[in-house]
S.K.: 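Once you've had a glance at the structure underneath, I'll fire off some questions.
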Amino acid sequence: MDKNDEYKALKDYSLDELLLWCEIAKKSIESKPFSKDKEQALREILMHTNPEALKLDLIIKEVFSKTDDNKKQPENFSDILENQILKTEKNKESEKKQPEEFLNILEKEIIKIDKAEKNNEKEKKSSKKWKRLKYRNGKSKEVKDVLLDLKSDRRLLSYVPDSQAIRSNIDRRGKKTLEDFKGDATAYIKSKQYGERYNAVYEVLVEYKTSDGRKRKIHAKSVDISTTGILLRIEDSKGAEALKGSKKISLKFEITPGSMPEGYEMKVNIAAKLARTQPGKEGEFLCGFEFEETLAQYANRTRGRYLLASASLFLFLTTFFILLMRAESIIYFKFNKYLYLYSIVAAVFLLSRYLFGALYKPVPINPNFTPGVTIIIPCFNEEEWIERTISSCMNQDYPVDKLEVIVVDDCSTDRSVEVIKATIEKFYREAERFKTKERLKYVVQEKNMGKRDALARGALMAKHELVVFVDSDSFLDPFAIRNLVQPFQDPKMGGVAGRTDVANTYTNGLTKMQSVRYYIAFRIMKAAEAYFDTVTCLSGPLSCYRKSIVLEHLDEWLNQKFLGQKATFGDDRAMTNIVLKNHRTNYQDTAICSTIVPNRYKVFLKQQMRWKRSWLRESMVSAKFIWKKEPLAAVFFYMGLVVPIAAPIIVLYNLVYVPIVNRIFPTTFIIGIMLMSLLMSFAQLFLKKSSTWIFGLLFCLFYEGVLLWQMPVAWFTFWKSTWGTRMTPEDVKEQEKKAEKQKQKEIKKNKSKAAAQP
């Protein structure tokens with residue numbers, strides 16, 4: 001190779017490197033502005049290279065024209081670059097530079113600039129001004145809720161029975177499972193749930209045998225998944241074609257937490273068969289696989305038995321040690337009667353909840369029992385979730401002529417009304433044959449009057465015999481209403497609560513703790529009360545009442561006062577007390593809704609304080625008549641009233657008084673708290689098989705350290721009517737009072753300053 005060839009090779013190599021650099025620069029601009037320092041570095045690099053770099057002028061202009069700081073640079077940049085290149089042509093030494101020098105210059109400049117940018121960013125974040133901006137008004141960075149990403153159905157009301165028989169309400173997977181169970185309603189519901197598809201991206205290893213018996217592997221990515229199958233995107237077209245004639249296929253992947261319902265998070269190695277293939281984009285293939293067994297069956301076969309055995313063992317040991325410690329309380333009872341009496345009562349109450357919760361069974365579905373139902377959704381400033389709530393209430397597996405939905409907006413100050421209108425218009429336009437104009441309506445309150453008034457207005461508008469109250473940030477399972485109405489086959493039944501799960505479980509640690517707490521509160525605590533038909537709180541996210549009872553006591557409910565203050569929150573407990581006084585109340589575990597829970601501690605603590613105040617107030621009301629109910633239920637009610645009220649005193653005595661006065665470390669008491677916490681966690685693991693079970697333990701510790709001490713505050717402020725988490729009229733009045741007090745303080749302060757001056 002002569003010198004000219006060497007120079008040509010060097011020139012081409014440098015040009016390729018420059019082109020590569022420009023491509024990198026283009027991509028970096030998409031994420032952040034291209035700084036002046038980096039532009040200058042690129043210029044210097046170009047100046048040390050060959051004249052062919054002039055061809056890059058247009059590319060460089062395109063790059064720098066995208067930045068705000070360099071809008072005026074490209075016009076002069078070409079001239080500067082051209083002059084520098086002419087100079088380099090005359091400089092023979094520059095022609096002898098090696099490609100490595102170009103790379104060294106590039107690397108050094110990039111490292112230098114990146115370090116400077118990182119230091120600037122660190123200085124910015126560490127500055128007091130930045131911290132003040134971040135935490136101004138007590139608000140940290142907004143937390144984005146993580147919800148299950150359910151694959152949308154092309155049909156707007158996919159679960160609603162079609163009276164015109166234009167389509168079947170049983171899909172491909174559902175039909176197969178339904179036939180296997182010979183038309184059983186419960187099996188039908190399970191089959192539909194098995195067919196639900198979730199958008200999820202997993203790395204999947206596909207192993208298969210070709211027609212001649214050779215083993216092959218393909219790496220793919222999932223598009224969506226259900227418990228019965230998975231859709232994969234495969235780039236290897238030859239491999240995708242080979243799958244069609246394969247004899248045996250196995251899929252290996254990991255279901256990450258939050259991508260499917262709780263309990264499915266696990267590593268999977270499952271046999272499957274190819275169901276369908278279709279060409280994708282740019283030579284890709286979309287391949288649908290059907291599992292040889294459902295993921296629920298796979299989980300039970302591979303890990304279910306071990307989880308069940310482990311959870312059962314842990315539950316037994318925890319219960320055994322609790323009983324053992326309470327036996328100790330009986331032995332030493334004479335030394336401290338009040339303390340040991342409390343310990344015995346607390347243990348009996350807690351263990352009884354788990355016992356009767358285990359004995360509880362939901363009312364089975366009678367397909368022929370479909371009473372008329374009106375769903376009422378009170379809304380206030382819920383623009384983010386209200387569309388989803390309305391859609392879930394409309395998309396119910398329930399006879400069209402026996403279900404209506406009424407949305408009552410309580411004079412929202414955000415875009416809630418606009419969203420409600422747009423959602424309803426969409427149903428009118430796209431699902432008219434399901435009588436949506438007759439079954440779906442909304443009304444806007446003239447002024448903000450509170451949640452009770454919104455519910456009352458909806459109840460007065462309702463045309464059916466049962467009314468269902470649904471919070472505006474809660475989403476119903478498609479079979480929620482069909483399950484919820486079943487206990488009303490008993491003519492003495494006045495109200496029924498559904499089960500509320502957490503929709504945003506996997507957002508952060510706080511939501512995970514609440515997820516475990518919610519599950520135990522409903523599946524254990526409410527289920528135990530339901531065993532005696534005396535559920536003391538038909539919770540707001542999903543509850544059902546006989547309309548005649550609601551209308552009969554509407555004025556009493558709307559005008560409820562406590563110590564002269566109008567009751568605003570606690571509407572669910574107040575209505576439950578009205579119903580429970582003369583009727584039965586129940587809990588239907590198979591009627592499921594999911595709700596958005598607070599993802600920030602500040603909001604969560606305000607919510608808990610409001611709940612404690614309403615619990616104290618309404619428990620005093622319940623205590624007046626609950627003794628007339630089933631005797632055992634009444635005994636447990638009074639136990640449940642005493643235990644949390646006295647808990648702060650007991651904790652202070654054991655953790656502060658005893659160590660200081662008696663010089664004894666409270667080992668037994670701490671072990672007792674840990675055992676009670678583990679009981680909750682292991683029960684959730686046993687029943688739900690979810691990886692979040694450990695957060696039950698964390699919640700109990702958080703309760704003992706933080707939430708418990710809200711109770712003494714609630715003792716002395718339970719008559720307050722402010723919400724704390726939303727601006728009700730009472731909250732506005734409270735805010736105005738505080739502003740007036742602050743104003744008076746400022747006036748006094750200014751007067752005192754003026755008087756002090758000579």
S.K.: Could you tell me whether a side-chain N or O of N586 sits under 3.5 Å from a main-chain N or O of P487, the two making a donor and an acceptor?
M.R.: no
S.K.: Keeping the roles fixed (side chain from S472, backbone from C379), state whether a donor-acceptor pair exists under 3.5 Å.
M.R.: no
S.K.: Could you walk me through whether E207 and R216 pass salt bridge (Lys or Arg N to Asp or Glu O under 4.0 Å), step by step?
M.R.: CA-CA 6 Å; E207 296 181 340; R216 292 286 186 270; over 6 Å; no
S.K.: By the definition side chain to side chain contact (heavy atoms under 4.5 Å, CB included), identify the one residue from T228, I230, I255, N300 that meets it with L295.
M.R.: I255
S.K.: Taking CD in E235 as the centre, count heavy atoms belonging to other residues, nucleotides or ligands within less than 6.0 Å. Is the count above 12?
M.R.: no
S.K.: What's the separation between atom CG in L685 and atom CG in L307, rounded to the nearest 0.5 Å?
M.R.: 5.5 Å
S.K.: Does a sphere of radius 6.0 Å around CZ in F316 hold more than 12 heavy atoms from other residues, nucleotides or ligands, not counting ones at 6.0 Å or beyond?
M.R.: no
S.K.: Determine the minimum heavy-atom distance between K512 and T505, stating which atoms define it.
M.R.: CG-O, 3.2 Å
S.K.: Regarding S515 and E262, is there a side-chain donor-to-acceptor distance under 3.5 Å anywhere?
M.R.: yes
S.K.: What heavy-atom pair brings Y264 and R303 nearest, and what distance separates the two atoms?
M.R.: N-NH2, 4.1 Å
S.K.: NZ of K217: more than 12 outside heavy atoms within 6.0 angstrom?
M.R.: no
S.K.: Show the numbers, then the answer: is there a side-chain contact (heavy atoms from CB on, under 4.5 Å) between I377 and C393?
M.R.: CA-CA 9 Å; I377 308 171; C393 292; 3.8 Å; yes
S.K.: Looking at A271, is its backbone amide N or carbonyl O close enough to the side chain of S250 to form a donor-acceptor pair, meaning the two atoms are under 3.5 Å apart?
M.R.: no
S.K.: Side chains of S416 and E382: donor-acceptor distance under 3.5 Å anywhere?
M.R.: no
S.K.: Look at the side chain of S392 and the backbone N and O of L476, then say whether any donor-acceptor pair between them is shorter than 3.5 Å.
M.R.: yes
S.K.: Determine, step by step, whether Y159 and D477 satisfy the side-chain contact (heavy atoms from CB on, under 4.5 Å) criterion, reporting the C-alpha distance in whole Å, the side-chain angles of both residues, the deciding distance to 0.1 Å, and the verdict.
M.R.: CA-CA 10 Å; Y159 283 91; D477 176 84; over 6 Å; no
S.K.: So do the side chains of S539 and K526 get within less than 4.5 Å of each other, counting heavy atoms only?
M.R.: yes
S.K.: Side chains of N599 and N504 only: does a donor on one sit below 3.5 Å from an acceptor on the other?
M.R.: no
S.K.: Begin with the C-alpha distance, continue with both residues' side-chain angles, and end with the deciding distance and a verdict on side-chain contact (heavy atoms from CB on, under 4.5 Å) for L243 and I249.
M.R.: CA-CA 8 Å; L243 281 169; I249 302 173; 4.1 Å; yes
S.K.: F475 ring centre to R388 NZ or CZ under 6.0 Å, with the angle to the axis within 45°?
M.R.: yes
S.K.: Is the Y587 ring parallel, tilted or perpendicular to the Y360 ring (thresholds 30°, 60°)?
M.R.: tilted
S.K.: Take F469 and Y545 through the test ring-ring contact (aromatic ring centres under 6.0 Å, His included) and record every step on the way to the result.
M.R.: CA-CA 8 Å; F469 295 162; Y545 305 90; 5.4 Å; yes
S.K.: Any side-chain heavy atom of E203 within less than 4.5 Å of one from K221?
M.R.: yes
S.K.: Evaluate side-chain contact (heavy atoms from CB on, under 4.5 Å) for I592 paired with D501, printing each intermediate quantity in order.
M.R.: CA-CA 7 Å; I592 303 170; D501 289 339; 3.6 Å; yes
S.K.: With no hydrogens and no angle check, do the side chains of K402 and T370 hold a donor and an acceptor under 3.5 Å apart?
M.R.: yes
S.K.: So do L350 and M525 actually touch side chain to side chain, heavy atoms under 4.5 Å?
M.R.: yes
S.K.: Taking the side chain as everything from C-beta on, heavy atoms only, tell me whether Y601 gets closer than 4.5 Å to F702.
M.R.: yes
S.K.: Main chain of D397, side chain of R482: is a donor-acceptor contact present, judged purely on distance under 3.5 Å?
M.R.: yes
S.K.: Donor-acceptor pair, S690 side chain versus T692 backbone, under 3.5 Å?
M.R.: yes
S.K.: Is it the case that atom CZ in F522 sees more than 12 heavy atoms from other parts of the structure closer than 6.0 Å?
M.R.: yes
S.K.: Other residues, nucleotides and ligands only: do more than 12 of their heavy atoms fall within 6.0 Å of CZ on R439?
M.R.: yes
S.K.: Donor-acceptor pair, distance only, cut-off 3.5 Å: does the side chain of Y428 make one with the backbone of L440?
M.R.: yes
S.K.: Taking N368's backbone N and O only, do any of them form a donor-acceptor pair with N366's side chain (distance below 3.5 Å, no angle check)?
M.R.: yes
S.K.: Checking Q588 side chain against N483 main chain: does a donor-acceptor pair fall under 3.5 Å?
M.R.: yes
S.K.: Do Y298 and M266 come within less than 4.5 Å of each other through their side chains, counting heavy atoms only?
M.R.: yes
S.K.: Is there a side-chain contact between I270 and E292 in this structure, where contact means two heavy atoms from C-beta onward sitting under 4.5 Å apart?
M.R.: no
S.K.: Around atom NZ of K426, are there more than 12 heavy atoms from other residues, nucleotides or ligands closer than 6.0 Å?
M.R.: yes
S.K.: Quick one, S226 with E196, criterion side-chain hydrogen bond (donor to acceptor under 3.5 Å, both in side chains). Give me CA distance, side-chain angles, the key distance, then yes/no.
M.R.: CA-CA 6 Å; S226 71; E196 291 282 12; over 6 Å; no
S.K.: Would you say Y202 and S259 are linked by a side-chain donor-acceptor pair, where the criterion is simply a distance under 3.5 Å?
M.R.: yes
S.K.: Using a 3.5 Å distance criterion without hydrogens, assess whether the side chain of E290 forms a donor-acceptor pair with backbone atoms of L274.
M.R.: no
S.K.: Kindly indicate, with the supporting measurements, whether the criterion ring-ring contact (aromatic ring centres under 6.0 Å, His included) is fulfilled by F479 and Y398.
M.R.: CA-CA 8 Å; F479 302 95; Y398 207 75; over 10 Å; no
S.K.: What heavy-atom pair brings V160 and N395 nearest, and what distance separates the two atoms?
M.R.: N-OD1, 3.8 Å
